Protein chains: 2
Amino acid sequence: MSDDDHTSPSTLLDVAREAGVSPSTVSRILNGTAKVSDDKRQAVMAAIARTKFAPNLMAQGLKKGRSQTIGIVVQDISSPYFDETLRGVDDGLKGTGYASVIVSGHWNAEEEADRIRLLLARKVDGIILLSGRMSDETVLQFSGQRPIVSTGRSLNTRSALGFKLDNEYGAWMAVRHLIELGHRRIAFVSGPANNIDAEERAAGYRRALFEAGIELDPKLMVEGNFHENSGLLAVSHLFDTGQQFTAVFAANDQSAYGVRLCLYRKGIRVPDDVSLVGFDDLPGSSYTTPPLTTIRQPLYDMGLVATNALLRLIHGEPVQAQVPPLELVVRETTRRR
Amino acid sequence: MSDDDHTSPSTLLDVAREAGVSPSTVSRILNGTAKVSDDKRQAVMAAIARTKFAPNLMAQGLKKGRSQTIGIVVQDISSPYFDETLRGVDDGLKGTGYASVIVSGHWNAEEEADRIRLLLARKVDGIILLSGRMSDETVLQFSGQRPIVSTGRSLNTRSALGFKLDNEYGAWMAVRHLIELGHRRIAFVSGPANNIDAEERAAGYRRALFEAGIELDPKLMVEGNFHENSGLLAVSHLFDTGQQFTAVFAANDQSAYGVRLCLYRKGIRVPDDVSLVGFDDLPGSSYTTPPLTTIRQPLYDMGLVATNALLRLIHGEPVQAQVPPLELVVRETTRRR
DNA sequence: CTGTTAGCGCATTCAC
DNA sequence: GTGAATGCGCTAACAG
């Protein structure tokens with residue numbers, strides 16, 4: 001009954017002995033490296049089953065210089081933004097024999113580089129870098145060791161690929177939507193300074209206003225950090241300083257959630273009194289109260305595309321990444337003024 | 001300028017040559033395995049820096065039979081529930097030299113077992129199993145190969161540890177809270193059938209009702225699947241069948257979000273008309289509108305504790321896992337009737 | 001204290 | 001077709 005298999009796992013050599021053939025033959029069968037007579041193949045297969053053999057990936061890796069593992073650098077495990085992308089990566093890896101080790105850079109350039117060095121020491125076959133603060137030069141440098149594909153960058157060498165979405169355009173769409181609805185006093189909760197995505201979204205906000213002939217009021221722009229709480233604080237600040245506005249555009253969904261809560265606390269109705277638009281379309285955004293109007297970012301596809309691209313890079317094949325564009329998703333937090 | 005370091009990464013042997021010592025000496029310095037004279041140590045350190053040496057973890061692993069990697073089995077990457085736990089794992093691993101490879105069982109016992117076999121082939125040094133549908137026997141069996149710690153189970157052998165929270169008690173607290181607020185017609189959106197956690201929470205619901213002398217009305221219990229949409233559907237069904245209720249207890253936060261949306265759609269105010277309680281206290285639950293009253297599950301701590309325990313198991317040290325108990329977090333979706 | 005030797009488990013020459 | 005031999009990079013006896 002009790003199956004005390006405390007025997008060390010069987011090796012390829014065990015299988016060879018068990019089947020009465022040489023180790024090389026077993027290896028050949030496993031890898032389809034050469035023709036092997038049918039009877040021997042049968043014997044080996046049987047031996048494999050009998051010994052419950054499973055190849056030791058570390059030995060394989062040492063020998064071949066590949067680990068069948070790719071490294072993923074996120075900035076924050078347990079952020080819905082990255083997790084949705086990871087789902088795409090996961091699906092992209094499905095059935096490829098590759099596994100992934102995920103590390104977090106915590107939005108810190110040095111930590112990112114450190115983590116990448118760690119991944120490299122583990123001999124990952126390639127790296128997917130999601131956002132981050134590292135310079136493109138550094139990425140390129142690392143790509144000399146292993147292929148890298150990164151989101152949020154424009155890169156295209158033989159061992160590095162980057163693709164980015166048009167944040168400025170996305171933000172423009174969001175604000176444009178508000179303007180078309182008749183809003184003119186539109187507040188903006190930005191992302192953190194020094195963040196390229198955040199800057200581009202701010203630029204889109206400004207352009208949309210400018211094109212509509214609406215003068216930009218700096219007092220309506222307040223800096224956030226992409227987290228919920230910063231959205232709450234931002235709008236709170238707006239009220240404290242007595243600003244008037246009929247709509248707010250938050251630089252990402254998470255800060256929009258914070259904005260929403262602050263509005264609720266103040267007894268201001270959404271969208272009746274104030275309209276709200278976010279950016280990202282996180283999975284949760286279709287279940288906020290009311291469901292959030294936002295700019296949809298194809299997070300899942302980004303993960304999937306990045307993975308497929310990396311796999312091709314690893315195999316030395318040419319790549320050309322293509323992801324769906326940003327789009328405005330009108331739900332229920334915006335209304336005509 | 002361009003740093004075409006296309007040279008293959010340096011090995012321990014390179015370092016040894018460069019420093020004019022034997023490979024073993026280098027190894028000894030790296031691992032602190034034995035005393036080494038200061039001058040040699042200096043020379044080696046310098047050589048390491050000069051050659052940018054980093055040990056090949058695959059070789060190390062092959063030699064030592066350890067991979068400095070642990071495997072994590074989640075059921076759904078990109079579910080806030082698991083992600084919060086993963087954050088705890090991540091922090092627990094910080095500075096230990098261990099990395100983790102995360103795989104997903106997708107709530108399917110066979111897939112789980114498959115994934116674990118995969119991890120084992122990769123020679124992970126231990127496994128953390130988060131929830132899942134596998135039988136305890138299977139877990140025990142795998143633990144013969146590598147130590148395992150699992151959440152949601154009661155296990156305690158030399159190579160397997162499991163700890164679980166008292167779901168029944170948690171649910172009881174939730175419903176008890178509602179009852180104390182004067183509610184008597186309390187609907188319940190359950191979790192999926194065959195899920196142990198779900199069953200226990202249902203039991204807690206029943207017990208609280210029973211203890212309060214409230215007769216259980218089966219028509220008020222509708223089955224969900226822990227996802228947002230099922231909460232929405234469930235309440236929708238309640239309305240369609242003309243049920244009367246003043247409160248609903250959802251078996252987890254995600255389904256509570258769905259419940260909330262359905263209520264919003266019907267123009268029913270929360271908590272003025274209907275009170276709502278969830279279960280989990282996901283990070284997002286403090287930012288719903290209004291913030292959700294729920295049963296707090298120490299997800300982060302579970303990840304942290306599991307990791308620390310696994311590390312001890314790996315090193316053959318005795319373990320004894322201790323996590324904070326469930327607690328009721330009263331926010332703004334419940335009110336006296 | 002330190003160098004030499006011998007594998008870890010596998011894939012891959014090279015002969016036959 | 002198939003076996004024997006070799007080495008991937010590193011650590012752990014074993015001698016000195």
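The shown structure was predicted, so the numbers you read here are calculated from the model rather than taken from an experiment. Each chain gets a letter, A, B and so on, in the order the sequences are listed, and its residues count up from 1.
For B:Arg158, the salt bridge (Lys or Arg N to Asp or Glu O under 4.0 Å) criterion is met by no residue, not counting sequence neighbours.
Within residues 42-50 of chain A, no residue places a heavy atom under 4.0 Å from DNA chain C.
When all heavy atoms of B:Phe53 and B:Thr11 are compared, the pair lying nearest together is CE1-C, 3.4 Å. Taking both residues in full, the closest heavy atoms of A:Ile77 and A:Ser104 are given as N-OG, 4.1 Å, listed atom of the first, atom of the second, then distance.
Residue pairs meeting the salt bridge (charged side-chain N to carboxylate O under 4.0 Å, His left out) criterion with at least one partner in residues 134-147 of chain B, sequence neighbours excluded, are B:Asp136-B:Arg153.
Along DNA chain C, the stretch of nucleotides lying under 4.0 Å from any heavy atom of chain B spans, 5' to 3', C:dC1 to C:dG9.
Remark: the B:Ser27 side chain and the B:Ser24 side chain contain no N/O donor-acceptor pair separated by less than 3.5 Å. Of the N and O atoms on the side chains of B:Arg122 and A:Thr69, at least one donor lies less than 3.5 Å from an acceptor on the other residue. Under 3.5 Å, the side chains of B:Asp91 and B:Tyr300 contain a donor-acceptor pair of N or O atoms. Looking only at atom types and distance, the side chain of B:Ser79 has no donor-acceptor partner in the side chain of B:Asp83 under 3.5 Å away. Checked by atom type, the side-chain pair A:Tyr81/A:Gln75 shows no donor-acceptor distance below 3.5 Å.
Here the CG-OH distance, from A:Asp125 to A:Tyr98, works out to 5.0 Å after rounding to the nearest 0.5 Å.
Salt-bridge check for B:Arg133 with B:Glu112: failed, with every basic side-chain N at 4.0 Å or more from each acidic carboxylate O. Using a 4.0 Å cut-off between a side-chain N of Lys or Arg and a carboxylate O of Asp or Glu, A:Arg87 and A:Asp90 do not qualify as a salt bridge.
Each end of the helix from C:dC1-D:dG16 to C:dC16-D:dG1 gets its own axis, taken as the rotation carrying the C1' atoms of four end pairs onto the next four within a five-pair window, and the two axes meet at 40° to the nearest 10 degrees.
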Under 4.0 Å protein heavy-atom contacts per nucleotide of nucleotides 8-16 of chain D, with B for base, S for backbone only and - for none: BBBBBB---
